[in-house]
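Only a predicted model underlies this, so the values are computations on that prediction, with no experimental measurement involved.
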Amino acid sequence: MTKDENTKRLERLKNIVLNMPELPGSYQYYDSDGLIIYVGKAKNLKKRVSSYFHKEVDRYKTKVLVSKIMDITYTIVKTEEDALLLENALIKKYNPRYNVLLKDGKTYPSICVTNEPFARIFTTRKINKKFGTFFGPYTNLGAMYQILDFIKKMYKPRACTLNITPESIAEGKHKECLKFHLGICGGCCIGKQKQSDYANNISAAKEILKGNTRNIQKGIWEQMQKAAEELRFEEAQELKEQYMLLEQYCAKSEIVSHTITDIDVFTCLKDENKGNAYVNFIHVKKGQINQSFTFEYKLNLDESEDEILEVAIPEIREKFSSDAKEIVVEKALEWNIPGGEFFVPQRGDKVRLLELSMMNCKQYRVDRLKQAEKLNPEQRATRLMKELQDKLRLPSLPMHIEAFDNSNIQGEDAVAGCVVFKKMKPSKKDYRKYIIKTVVGPDDYGSMEEVVKRRYGRIKEEGGEFPDLIICDGGIGQMNVVRHVIKDILELNIPIAGLAKNDKHRTNELLYGFPPQTIQLKTDCELFHVLTQLQDEVHRYAITFHRDKRSKSALKSELSDIKGIGEKTIEQLLKKYKSVKRIKEADYSEVAKIIGNSKAESLWKHWGKKIVKDN
């Protein structure tokens, strides 16, 4: 690979990384042959993968790995624990060259409840459903042992490996052990626990392991209250600890379940604007996700999601040689597929798998959009302008937007600023500052009327370019003032919108029309963020101008009281020193070089400073 080819390769990979989400998941690196050479996990995909491409990376293995990467894919999940499970499954399936951990067949432990007459509950890394029911696997070992301890305290299942049956108990073949005397075991082997009571305890333990804890929590709470009322405080405290322990239990994986043996999951998401569709495929084998890919389809006509899946499902199943009998989809399809049957789940793990699949579809669409806009920044601006045009029903794209803001303190040093956005980006060379001339006192509406009249009156006289949209910061009041100037006084036809704030002084509404109406716009969408950016920018611009003017006014008033110091001299000093404090700290000879000896002597005498001249 030449140097130029390698540079292009790295640029392409870094562009992929820049558009990755800051979510948990698993990432995969591919070589030039399209083989997976590394599988990793991350709490934050973007942050983790970007670390491989930092200049300061000095590990030899990492450098070699990066030099082999030709493509990157990833799968997002809901939790960091799920990312661990997914990484484990993918490493076992693909056996990537550069992975070291998790290749030895080691897997995460599960909890087994045996099928024996007096069932045992224990942890294991081997899954054989002939021996019992399995729950997990658990990536959080602390949480797993915590729930096991809770079950042992609550239900006291046996821990021994003896072959205990009702017959062996009746024959007295067993003797109590130390754990019985310590209160850890209920003594089922010597008849201290009936088989029916023991079975009920095991059933309750299974419900806890499934995550169905609400009724059990309620029962423990009622027992705790009763114990407290009867002044059995030690027992009540034990029940409280059990209740809190059960409440904190959250170790069950959302995307892995041993009850799911071999299924395919498909979701479809259409992008009407681009004429594309995205189909995500997830395959679950023996309770674990071992494949997850999203494919992009170009729509020639306005095909429905059913029609897209009719093409995509057989194609993808053939590509991955999947023969799963059960195919999970979001809604019933009117067609059949050889060797498979469609299933629409209503609850449980399969619904969560559908949600996860759709999450990957949406993220893939976002990534594709970001990648396209990185290559063509104009595309993002056009999309946002088109969205704003549609929302406000404007006659043309709002290529040129202007906003105004006033700033003063009790009417003193009143100023205004005009900020210009072109193609949804600040055009700072077109910003304008205005000193309020005709308004006396704190009158925001009067100041706005003066500034708007001066700006657009001048543009009208000079035949300049008018904006495609004016955005008012003050809501309905400001909109009415601007409309009066634009429509009634200047007789212009410029669309006017407004941004209104809520009781907490946060912008929450976009207004348009007369009388103004609220335009439905989500406050977390990209367009709203651009509009609030414009609003923040005009605030900053006006306030900065006001502070500068107020500061200069204060300085001028202090210096102008000194005899022999005029406006020109003040301007010279402020240009050099910026503040009176710095003038006082300066050397006499340095100041004298700027304004002359006589004026410098006037300053030093006024401040009572001793004149020290350089030799």
Side-chain angles (χ1 to χ4, degrees), residues 1-106 108 139 278 280-282 288-296 319-320 359-360 363-377:
M1 185 184 299
T2 65
K3 186 175 181 180
D4 289 339
E5 289 174 342
N6 187 53
T7 301
K8 290 180 180 179
R9 177 186 70 90
L10 290 174
E11 287 178 356
R12 179 170 53 81
L13 294 176
K14 288 178 180 179
N15 186 45
I16 294 174
V17 174
L18 284 173
N19 293 298
M20 292 180 76
E22 296 186 11
L23 295 171
S26 172
Y27 55 92
Q28 303 86 42
Y29 294 156
Y30 294 77
D31 64 8
S32 57
D33 296 324
L35 299 176
I36 294 179
I37 57 175
Y38 185 81
V39 174
K41 63 183 178 299
K43 185 176 181 179
N44 183 318
L45 281 168
K46 183 175 182 178
K47 193 172 182 180
R48 179 69 186 94
V49 178
S50 65
S51 67
Y52 285 88
F53 298 93
H54 290 166
K55 291 182 179 179
E56 60 269 18
V57 171
D58 55 3
R59 290 181 59 195
Y60 177 75
K61 175 197 166 185
T62 304
K63 286 183 177 180
V64 173
L65 171 61
V66 172
S67 70
K68 302 289 185 182
I69 300 172
M70 296 301 294
D71 197 10
I72 302 172
T73 63
Y74 59 89
T75 301
I76 56 175
V77 294
K78 291 185 177 180
T79 66
E80 188 177 2
E81 294 177 358
D82 290 339
L84 289 169
L85 293 171
L86 183 55
E87 179 200 36
N88 186 15
L90 293 175
I91 289 175
K92 283 180 170 55
K93 179 174 179 62
Y94 295 108
N95 197 29
R97 178 180 177 184
Y98 290 97
N99 278 97
V100 176
L101 300 176
L102 303 174
K103 277 190 174 181
D104 56 357
K106 177 182 176 181
Y108 293 102
T139 56
Y278 308 100
N280 178 261
F281 162 69
I282 290 177
Q288 292 188 356
I289 292 178
N290 57 24
Q291 287 171 329
S292 176
F293 291 91
T294 303
F295 299 88
E296 183 177 353
K319 181 179 181 68
F320 289 98
M359 188 193 309
N360 277 280
Q363 187 61 50
Y364 187 88
R365 180 179 63 178
V366 171
D367 292 344
R368 293 290 292 163
L369 179 62
K370 287 184 176 179
Q371 289 174 11
E373 290 179 351
K374 284 283 185 182
L375 297 173
N376 182 13

Sidechain-backbone polar pair: [X] side chain, [Y] backbone, donor-acceptor under 3.5 Å:
| X | Y | answer |
| --- | --- | --- |
| Ser26 | Lys41 | no |
| Asp31 | Asp33 | yes |
| Arg12 | Met70 | yes |
| Lys46 | Leu18 | yes |
| Asn280 | Phe293 | yes |

Tested for side-chain contact (heavy atoms from CB on, under 4.5 Å) against Val66, the lone hit among Tyr38, Tyr52, Tyr29 is Tyr52
Distance, nearest 0.5 Å, that separates [atom1] of [X] from [atom2] of [Y]:
| X | Y | atom1 | atom2 | result |
| --- | --- | --- | --- | --- |
| Ile36 | Lys93 | CD1 | NZ | 9.0 Å |
| Ile76 | Tyr364 | CD1 | OH | 13.5 Å |
| Ile72 | Asn15 | CD1 | CG | 10.5 Å |
| Ser50 | Leu13 | OG | CG | 13.0 Å |
| Asn19 | Lys14 | CG | NZ | 14.5 Å |
| Ile37 | Asp71 | CD1 | CG | 10.5 Å |

Of the options Lys8, Lys3, Arg9, which is the one that meets Asn6 in a side-chain hydrogen bond (donor to acceptor under 3.5 Å, both in side chains)?
Arg9
Where [X] and [Y] come nearest, the two heavy atoms and their spacing:
| X | Y | result |
| --- | --- | --- |
| Gln28 | Val39 | CG-CG2, 4.2 Å |
| Phe53 | Ile69 | CZ-CD1, 4.4 Å |
| Tyr27 | Ala42 | CE2-CB, 4.2 Å |
| Gln363 | Leu23 | OE1-CD1, 4.0 Å |

Take atom NZ of Lys68 as the centre, draw a 6.0 Å sphere, and report whether it contains more than 12 heavy atoms from other residues, nucleotides or ligands.
no
